[in-house]
Number of protein chains: 2
Amino acid sequence: MKTTLDQIVVEARELFRERGYAGASMQDLAERVGLKKASLYTRFPSKEALVEPVLALTLEETFADLDDDANDWLGSYEAVLKRIAAALTDRARCVGLHLAYGVQADAPDALSAVRKYFAALRDGLAAILKHPLSTKRATTVATDALVRLEGATLWTVIANDPQPMQRALKALIAEARALNASP
Amino acid sequence: MKTTLDQIVVEARELFRERGYAGASMQDLAERVGLKKASLYTRFPSKEALVEPVLALTLEETFADLDDDANDWLGSYEAVLKRIAAALTDRARCVGLHLAYGVQADAPDALSAVRKYFAALRDGLAAILKHPLSTKRATTVATDALVRLEGATLWTVIANDPQPMQRALKALIAEARALNASP
DNA sequence: TGAAAATACTACCTACCGGTCGTTATTATG
DNA sequence: CATAATAACGACCGGTAGGTAGTATTTTCA
């Protein structure tokens, strides 16, 4: 009857995504994974400790199976952007954004996990953009791309409307293609 | 010793902004306004009922003192965008976004208040953009502008970095100016 | 000024929160 | 197969959540 850590992390992510950090309860999580609440504490020392693995999993999924082919940076970039956009669209909300807004100073480990997560996302995108751009410019463009996609989740959340996300994605890809022409 | 409704709404907004819907407590709110918790309930029937006036106030501030001058739609548009960006930057978070993510189906009145708030924001921007654009296109452009600014709050929250917001603002204004040249 | 209405208070309710206790059942390893 | 480690459990802790009852105080207005 051993429940895997992954199951717990996946369900915790879903819960954080739906209800945010404050709104998610260990009781709810226990029920989702078919355990009693006390049993969760044999796996994770606290609610706060769930945040890091939740975001690590998400980050891993985002950059899985990406070959850093210098000759096809544009393909890699498009692929990652599409992957991020797809994840944000089909779950409506972004776990990371929900946690970024919801995690407070009284959960310092969670706070630093959130910061590391977004820094890693940005750096992952920037690494691809370093092929046509300077390091500094790559970071800027990556940051702007990321916040643009994240912002579009507002409309998926309140109106269940994926179109702003699609338009943002299209615009970002067009900008990247333009970089290829004039660096 | 009468506390004004406005004081309560302003403090509630601050609390929702900082902690989100689930994370904000009536006890905290009471302390902020210098009342006992029970006294809040003589003014508002529930926590949920705070959401609508909080967003109404924010909306009102956003569009205050704007003359809809057809000859200077660009000036009005820039002014509103700057106002939104400034509010998002100096409070780091956006109340509306925090509530959009945090309000759940079990708070239906709050949910519809959030939806109305963002629809009104979009419509307010779209009304200005109807001068150079078709109704349909104005709505699209307004929506995209809004989500772009909102997305930039991610970086103000996690890194206390206002630059993505400034860049988004600049880009949006540039796009609007381009509209003026080629409609 | 006096009474109605609005506001505030103390005290309390039930439900749930994150987390811990001591104990039992399961699993891995020698 | 024994044993140690891991994982699961029921019961419980103090604290706090949203909200209410009943009462006292203040404000409003005729």
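Hydrogens, waters and symmetry mates are skipped; everything else that's a heavy atom, side chains included, is used. Chain naming here is simple, since letters A, B, ... match the order of the sequence lines and numbering starts at 1 in each. All of these numbers come straight from a predicted model, not from anything done at the bench.
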Practice task
In plain terms, say whether B:Glu78 and B:Arg177 are close enough for a salt bridge, that is, a side-chain N and a carboxylate O under 4.0 Å apart.
Solution key: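 Judged by the 4.0 Å cut-off on N to carboxylate O distance, B:Glu78 and B:Arg177 do form a salt bridge.
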Problem - Check ion pair B:Glu175-B:Arg148 (N to O, under 4.0 angstrom) - result: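 Yes.
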Practice task
With sequence neighbours excluded, tell me which residues meet salt bridge (charged side-chain N to carboxylate O under 4.0 Å, His left out) with A:Glu11.
Solution key: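 With sequence neighbours excluded, A:Glu11 shows a salt bridge (charged side-chain N to carboxylate O under 4.0 Å, His left out) to A:Arg32, given in chain and number order.
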Practice task
Just jot down the salt bridge (charged side-chain N to carboxylate O under 4.0 Å, His left out) partners of B:Arg19, sequence neighbours excluded, or say none.
Solution key: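 So B:Arg19 forms a salt bridge (charged side-chain N to carboxylate O under 4.0 Å, His left out) with B:Asp28.
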Within this structure, what is the [atom1]-to-[atom2] distance between [X] and [N], rounded to whole angstrom?
X	N	atom1	atom2	answer
B:Tyr21	D:dG18	OH	P	8 Å
B:Gln7	C:dT7	CD	P	13 Å
A:Glu31	C:dC16	CD	P	10 Å
B:Tyr41	C:dC13	OH	P	17 Å
A:Leu29	C:dG18	CG	P	10 Å
B:Lys2	C:dC9	NZ	P	15 Å
A:Phe44	D:dT6	CZ	C1'	15 Å
B:Leu35	C:dA8	CG	P	5 Å

Establish, with yes or no, whether the OP1 or OP2 oxygen of [N] is under 4.0 angstrom from a side-chain nitrogen or oxygen of [X].
X	N	result
A:Arg43	D:dT6	no
B:Thr3	C:dA8	yes
A:Ser39	D:dC9	yes

Fill in the blank from the handout: Applying side chain to side chain contact (heavy atoms under 4.5 Å, CB included) to B:Pro162 and not counting sequence neighbours gives B:Thr89
Practice task
Mind checking side chain to side chain contact (heavy atoms under 4.5 Å, CB included) for A:Asp161 and listing every partner two or more places apart, or none if nothing turns up?
Solution key: A:Trp155, A:Ala159, A:Gln163, A:Pro164
Practice task
Using the test ring pair (Phe, Tyr, Trp, His ring centres under 6.0 Å), find all partners of A:Tyr101 that sit at least two apart in sequence or belong to another chain.
Solution key: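 Only B:His98 meet the ring pair (Phe, Tyr, Trp, His ring centres under 6.0 Å) criterion with A:Tyr101.
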Exercise for the section: List in chain and number order the residues that pass ring pair (Phe, Tyr, Trp, His ring centres under 6.0 Å) with A:Phe16, two or more places apart in sequence or in another chain; answer none if no residue qualifies. Expected result: A:Tyr21
Under 3.5 Å, N/O pairs linking protein and nucleotides 11-17 of chain D:
from   : atom 1 : to      : atom 2 : distance (Å)
D:dA17 : OP1    : B:Ser25 : OG     : 3.2

Mind listing the N/O atom pairs, protein and nucleotides 1-4 of chain C, below 3.5 Å?
none

Practice task
Please identify each residue that fulfils side chain to side chain donor-acceptor pair (under 3.5 Å) with A:Arg17, with sequence neighbours left out.
Solution key: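 Side chain to side chain donor-acceptor pair (under 3.5 Å) check on A:Arg17 returns A:Glu14.
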Completion exercise
Residue set satisfying side chain to side chain donor-acceptor pair (under 3.5 Å) with A:Glu61, at least two apart, ordered chain then number -> A:Arg13
Side-chain donor-acceptor pairs under 3.5 Å in residues 121-139 of chain A, sequence neighbours left out?
from     : atom 1 : to       : atom 2 : distance (Å)
A:His131 : ND1    : A:Ile128 : O      : 3.2
A:Ser134 : OG     : A:Arg137 : N      : 3.1
A:Thr139 : OG1    : A:Thr135 : O      : 3.1

Practice task
Please tell me which of B:Gly34 and A:Pro45 maps to the more 5' nucleotide of DNA chain C, matching each residue to the nucleotide holding its nearest heavy atom.
Solution key: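 Of the two residues, B:Gly34 wins.
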Handout entry: Positions of residues 95-112 of chain A (non-hydrogen atom under 4.0 Å from DNA chain D), listed by number
Key = none
